[in-house]
Protein chains: 2
Amino acid sequence: MEQEKENPQTNPEIQDKILLAALTLFTNKGYFNTSLNDIAKVAELDNTQIIYNYFANKHAIATTLYNNILDNLSISIDDIKRRNSTASEQLRSIVDLLFKLTDDAPSIMHFLLILKIREFLPEQRALNESPAFIKILKIIQTGIRSGEIRNIDPQLANAYFFGVINNTLRMVLNGTLDKKADSYQSQTWLMAWNIIAKKSSVF
Amino acid sequence: MEQEKENPQTNPEIQDKILLAALTLFTNKGYFNTSLNDIAKVAELDNTQIIYNYFANKHAIATTLYNNILDNLSISIDDIKRRNSTASEQLRSIVDLLFKLTDDAPSIMHFLLILKIREFLPEQRALNESPAFIKILKIIQTGIRSGEIRNIDPQLANAYFFGVINNTLRMVLNGTLDKKADSYQSQTWLMAWNIIAKKSSVF
DNA sequence: GTCTATACGCCGATAGAC
DNA sequence: GTCTATCGGCGTATAGAC
């Protein structure tokens, strides 16, 4: 009922088209302003009802989107942790990923940073309770123990660091900052990192 | 049609009750999950139709709420500018106001920081184009000219400073930070100010 | 100005022919 | 698996009696 059907008897490309159309529409107009008809049109389906071959209902489309995005993020973070040893390097790589996503896949970042997901997926756990975000908090905790990060409440460090990062990206997404995210990245990273770093050794 | 009726022939207290009920419900459940019936119930009206004596439609309720909140904010900022001379003092007072509001009127801050207003009020200008937020940007620009604030893009300074402030308040509002906003205020102000201040003279 | 009744539109979802 | 037809519900808004 609430999930993606397990055996879509049809083209998996169509499923992707539906998900992509839904992502675009949800971020542009909002979940409640988007009808299944809208999704079918943007996905270039002949018929609205085709959607029901792939998803039980509109809600299931949003759930799948949400899970796909968070799963990918979680996998990327695992990868980053494997490739980098220090908290500083790991956070630096995560910031790198988020800025890249903002330029290359703004809808995904819009979904994560701007949409009020609880409004249409009330049964899903909050973003900061998802594996991806728990892993980020753990990186911060590790950084505090290793002495890289100042000894403050990890949640506060998290709030400060990603306050700077995410707010900058939000302003790129909504056009208040008019250049590509990429052009703000190095400066923004420095600012965010220096807030929580033990010494401002980066300057 | 889209506005509050000019001559409500009835009790203005009822209008306030409707607005307060709507604010509560919009922030708790979201605009689209809130029906006029819900609002009537929370406002303790005998009848849903009474709402139409005060507002042309649901949309007009949201518009009035939005304008009231932004008007009050703008007035408070005018007041703050009158009472304080330096950019640092003015920003400090604005932060003070925002933290107070978070503890005393969380719905208002929830409306400002968490709701995706464009989704249900698409015709309204964006938050950062409202008088209140333009005034804040001007304070930052003044601070840069006077040498209090480092010479960077004012919008970037804005993004960094309020990234820290607003993200902290967001986490208080959603419970990720479990104490009152008040207990994080002085530390958070220091962090935010030191990002944009010319010298870290505050330490 | 209050309140009941009801119209109307939209949209999600189902049924069933092919 | 496609597609047409249609149901049913919800919620906004109107009409009109009192």
Side-chain angles (χ1 to χ4, degrees), chain A residues 1-19 21-26 28-66 119-124, chain B residues 1-19 21-66 119-123:
Chain A
M1 312 168 327
E2 290 301 334
Q3 301 162 342
E4 167 190 1
K5 291 200 178 173
E6 285 163 9
N7 300 317
Q9 288 88 339
T10 34
N11 194 338
E13 284 175 18
I14 292 182
Q15 174 156 345
D16 288 344
K17 277 181 111 173
I18 294 170
L19 287 171
L23 176 63
T24 306
L25 287 161
F26 292 169
N28 284 345
K29 307 175 36 171
Y31 177 83
F32 294 102
N33 291 320
T34 299
S35 72
L36 289 175
N37 259 312
D38 294 333
I39 296 173
K41 257 178 230 148
V42 173
E44 294 175 308
L45 305 180
D46 293 340
N47 196 300
T48 304
Q49 303 313 106
I50 291 175
I51 294 174
Y52 286 100
N53 292 335
Y54 298 88
F55 298 95
N57 51 37
K58 182 179 166 183
H59 188 256
I61 300 176
T63 304
T64 304
L65 262 182
Y66 184 67
E119 221 170 275
F120 55 94
L121 295 178
E123 79 290 353
Q124 294 289 320
Chain B
M1 311 170 330
E2 291 299 334
Q3 300 164 341
E4 168 189 358
K5 292 200 178 172
E6 286 165 8
N7 301 317
Q9 289 86 341
T10 38
N11 194 336
E13 284 175 18
I14 294 182
Q15 173 155 347
D16 287 344
K17 277 182 110 173
I18 294 171
L19 287 171
L23 176 63
T24 306
L25 287 161
F26 291 169
T27 53
N28 285 345
K29 310 174 34 171
Y31 178 84
F32 294 101
N33 290 322
T34 298
S35 71
L36 290 175
N37 260 312
D38 294 333
I39 295 174
K41 257 178 228 148
V42 173
E44 296 176 307
L45 305 180
D46 293 340
N47 197 301
T48 303
Q49 303 314 107
I50 292 176
I51 295 173
Y52 287 99
N53 292 334
Y54 299 89
F55 299 96
N57 51 38
K58 183 180 167 184
H59 187 257
I61 301 176
T63 303
T64 304
L65 263 181
Y66 184 68
E119 221 171 275
F120 54 95
L121 295 178
E123 79 291 354

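Per chain, numbering begins at 1; letters A, B, ... match sequence-line order. What you see is a predicted model, and the numbers here were worked out from it, not measured in a lab.
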Practice problem: Any chance you could lay out the side-chain contact (heavy atoms from CB on, under 4.5 Å) test for B:T24 and B:N28, step after step, and finish with the verdict? | Solution: CA-CA 6 Å; B:T24 306; B:N28 285 345; 3.6 Å; yes
For the pair made of [atom1] in [X] and [atom2] in [N], what is the distance, rounded to whole Å?
X     : N      : atom1 : atom2 : answer
B:F32 : C:dC11 : CZ    : P     : 12 Å
B:I51 : D:dA13 : CD1   : P     : 10 Å
B:N37 : D:dT12 : CG    : C1'   : 10 Å
B:K29 : D:dC10 : NZ    : P     : 13 Å
B:N57 : D:dT14 : CG    : P     : 8 Å
B:K58 : D:dT14 : NZ    : P     : 15 Å

Practice problem: Please name all residues satisfying ring pair (Phe, Tyr, Trp, His ring centres under 6.0 Å) with A:F26, sequence neighbours left out, ordered by chain then number. | Solution: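 A:F26 satisfies ring pair (Phe, Tyr, Trp, His ring centres under 6.0 Å) with A:Y31 only.
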Quiz prompt | With sequence neighbours excluded, residues passing ring pair (Phe, Tyr, Trp, His ring centres under 6.0 Å) with A:Y66 | solution =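 In terms of ring pair (Phe, Tyr, Trp, His ring centres under 6.0 Å), with neighbours along the sequence ignored, A:Y66 is linked to no residue.
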Quiz item: Does a nitrogen or oxygen in the side chain of B:Y52 sit under 4.0 Å from OP1 or OP2 of D:dT14?
Solution: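 Answer is no, no contact under 4.0 Å.
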Quiz item: Does B:K17 reach the main-chain N or O of B:L45 with its side chain, forming a donor-acceptor pair under 3.5 Å?
Solution: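 Here the side-chain-to-backbone pair does not exist.
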Exercise. Output yes when a side-chain donor or acceptor of A:D38 lies under 3.5 Å from a complementary backbone atom of A:T34, and no otherwise.
Key: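 Pair absent, no side-chain N/O of A:D38 close to backbone of A:T34.
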Exercise. Check B:T64 against B:F55 and note the closest heavy-atom contact, atom names and distance.
Key: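 Nearest heavy atoms, B:T64 then B:F55: OG1-CE2, 3.6 Å.
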Exercise. Any chance you could list the contact pattern along nucleotides 2-7 of chain C? Use B for base contacts, S for sugar-phosphate-only contacts and - for none, protein heavy atoms under 4.0 Å, 5' to 3'.
Key: SBB---
